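First up is the structure itself, then whatever we jot down about it.
Here is the naming used below: chain letters follow the sequence lines, and residue numbers restart at 1 for every chain. Computed from a prediction, not measured in an experiment: that's the story for all the values here.
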Amino acid sequence: MNPLAQLVIYSTMIMGTLITSLSSHWFLAWAGLEMNMLAFTSILIKKANPRSTEAATKYFLMQSTASMILMMAITLNNLFPGQWIMMNNPNQLMSLIMMMALAMKLGMTPFHFWLPEVTQGTPLIPGLLLLTWQKLAPIMIMYQIYPSINTNILMTLSTLSIMAGSWGGLNQTQLRKILAYSSITHMGWMMMTLVYNPNITVFYLLVYIIMTSTAFMTLNLSSNTTTLMLSRAWNKLTWLMPLMSITLLSMGGLPPLTGFLPKWITIQELTKNNNFIMPSVMVIMTLLNLYFYLRLIYTTSMTLLPTSNNTKMKWQFENTKPMPLMPPLIILTTLLLPMSPTILTMF
Amino acid sequence: MLKMVFPTIMLLPTTWFSKNNLIWINLTTHSLIISLIPILFFHQTNNNLISYSTYLSSDPLTTPLLMLTAWLLPLMIMASQYHLHNESPLRKKLYLSMMISLQISLIMTFMATELILFYILFETTLIPTLIIITRWGNQAERLNASTYFLFYTLTGSLPLLIMLLFVHNNLGSLNIPLLTLTAQKLTTTWSHNLTWLACMMAFMVKMPLYGLHLWLPKAHVEAPIAGSMVLAAVLLKLGGYGMMRLTSILNPLTEYMAYPFLMLSLWGMIMTSSTCLRQTDLKSLIAYSSVSHMALVIMASLIQTPWSFTGAIVLMIAHGLTSSMLFCLANSNYERTHSRIMLLSRGLQTLLPLMAFWWFAANLTNLALPPTINLIGELLVMMTSFSWSHVTIMLTGLNMLITALYSLYMLVTTQRGTLTSHIINMKPSFTRENMLMFMHMSPIILLSLNPSIIMGFTT
């Protein structure tokens, strides 16, 4: 892409999210979301082929529908407090419509069907941005309206997200789709504690962004997009495959890795509110998530599948692809659990 | 605490910075020195626990298991020498690093004072074991085996996490000595029943209980020798340890809820022992015998009398050493014939007489011959289950009989009779292997002389 065009598009995308998170006027928040969406739609077509055009079209349709529904909710909400400031208690009905619109934006069930296909249709880096940066702005808005959100419906949506994300990912071999379904599952976990303690949602989002960024960066280094390609990556990047395995285990939520910490805090918050059935259902469903991560781990570092390329030379060449922030990301993905007392004091 | 945990952590740099021809010597020596440290922990006056820090302590229940864990690491290292000798130094060091990281998490698990720390370390033991089984196992079935292992354990233990957090919110703290003082009574309501189940199922799966035992034969058979040893000797005991810790907060509901599990244990003992009589695979036989012995430990933990807890601890230590020894013996067979089928290596007493003695000793301890600690453990458990209900003596007695049957079956098939005609080239026993067997056997013999140190909370 033309560097000037890239500058304009990326800065618009970043500005959009910043405007949404920093605004207290409903219109400005909505405008930020729109800026973000328009810029991002063009990022999705970075590699111009019919697949990415289709992905960008799907993305645009879903997001603009959600924005319009959000606009309707915002306008109707003006009838009640009489002002446009984002007070944290909109009307119940309007809050419900806002939550539905934001769930559409985030890719939560029952509006999750677009996410795997859009993630699959784009190259890895726009896919990464889709699953990490694009979640920020809607969650900022949900953070601001959290007291009025209907608990029952949000928890139903979350549980359904976890179920859809877990069961949907089982039959996939394409890595981007696997990560999209994992994103749906993690969104379900995040939204569980929104009504109880939204700080935990934001913390889960932070850890999720770190883990997903690590996964995508690792895949980007060897341009892997399918499980088959991942099974051959041991030849080219020997040292990276165990790290990929550890990242996947962290995403599955196994102690002593970082990915256990947000799940632990979420379950703690839910049990403080005497909610036990929900966490039980959630953790059992998330084990399905862990199953398809484990399958990936088997193909990457535990077994040696028959490959067509067994030369020893490939991993001795220097890697020229840039890997921004890899070492800190990997350290954060695996070693943050002992920091949990420090982190918990922030809530 | 530090005198045990830090040296074990420091074994990791020792592995990576040793010269290639000194790895085994360094690690075996240092882990043997570390295994001397838990002996110091045995000096506990009046059964008080020794508190090393706010997070780690060692009491009469923990110390025997800690000793077993520490003793087992040099044995695992010695046992792995042969099957790794052709691998590159990097892979040897990776394998040893997995074992050492498993050891670190096991030591801290047994010493943890707070139950959430215990839980995190309990789950931490899964990852190195998973890597050992999947990466260094020998057959294609190992993928299935480690999937079963991971998911059975996780499905059981995640509800435990939820319940521990609930108990934390309720009682304020999950410090183990404090829990015994502040525990509230559990009644027979539906939610308390589920609480009991959530707390106990993690350990039932780990022990394993008869209906949930499917992971064990798979994992034990597919794991390499060090994996089998640590699984049989220590990881199963995590379940028993956890059960004995958690029953203090689950009273008096345990008397009511324990019935199905006691029935399953009693029936499972007989069933798995009987399965052993029909096994062709040697490692599978030893794995099922582990299920059978652990069913006794489950029974003892659920009956909750002082003698039963004592019997459970003694049986855990005894079974750990015996089962690990049997796996080492099976492995010495496997290294020579590359097959686990018992019928392919009959009559070995003719070829390897000294190894035949170790086979003999191991099988005698497996069938709980007096006066070994195996007998003391089984006898105490049988006595307490008799006092719980007179009928159980029929089942536990029958189990002792069938245990004797399959142990002798294993002995007679592998050692006695005529040598098979197809064995033309079998290496004689290494000194390392004889040393390994001796190091397994000598604690059993010495503890049989003075079992009071492993008898747990004796007044």
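- For chain A, the option among L121(B), L194(B), L126(B), L150(B) with the highest count of heavy-atom pairs below 4.5 Å is L150(B).
- With a 4.5 angstrom heavy-atom cutoff, L290(A) touches chain B via backbone and side-chain atoms both.
- Ranked by heavy-atom pairs under 4.5 Å with chain A, the first of L143(B), L164(B), L158(B), L130(B) is L143(B).
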Between chain A and chain B, which N or O donor and acceptor atoms come closer than 3.5 Å?
from    : atom 1 : to      : atom 2 : distance (Å)
T271(A) : OG1    : N169(B) : ND2    : 3.4
Y298(A) : OH     : L143(B) : O      : 3.1
Y298(A) : OH     : S146(B) : OG     : 2.6
Y298(A) : OH     : T147(B) : N      : 3.3
Y298(A) : OH     : T147(B) : OG1    : 3.0

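- Applying the side chain to side chain contact (heavy atoms under 4.5 Å, CB included) test to M10(B) and every residue at least two apart in sequence or in another chain returns P13(B).
- By the 6.0 Å contact criterion, CG on L344(A) is enclosed, its count of non-hydrogen atoms from other residues, nucleotides or ligands being greater than 12.
- Within a 6.0 Å radius of CE in M339(A), other residues, nucleotides and ligands contribute 12 heavy atoms or fewer.
- Residue L270(A): no heavy atom, backbone or side chain, is found under 4.5 Å from chain B.
- The two residues P256(A) and I127(B) come nearest to each other via the heavy atoms CD-CD1, 4.1 Å.
- Both the backbone and the side chain of I267(A) come within contact range of chain B, with heavy atoms under 4.5 Å apart.
- Interface residue I284(A): only side-chain heavy atoms are found under 4.5 Å from chain B.
- Contact of I162(B) with chain A is made through backbone and side chain together, with heavy-atom distances under 4.5 Å.
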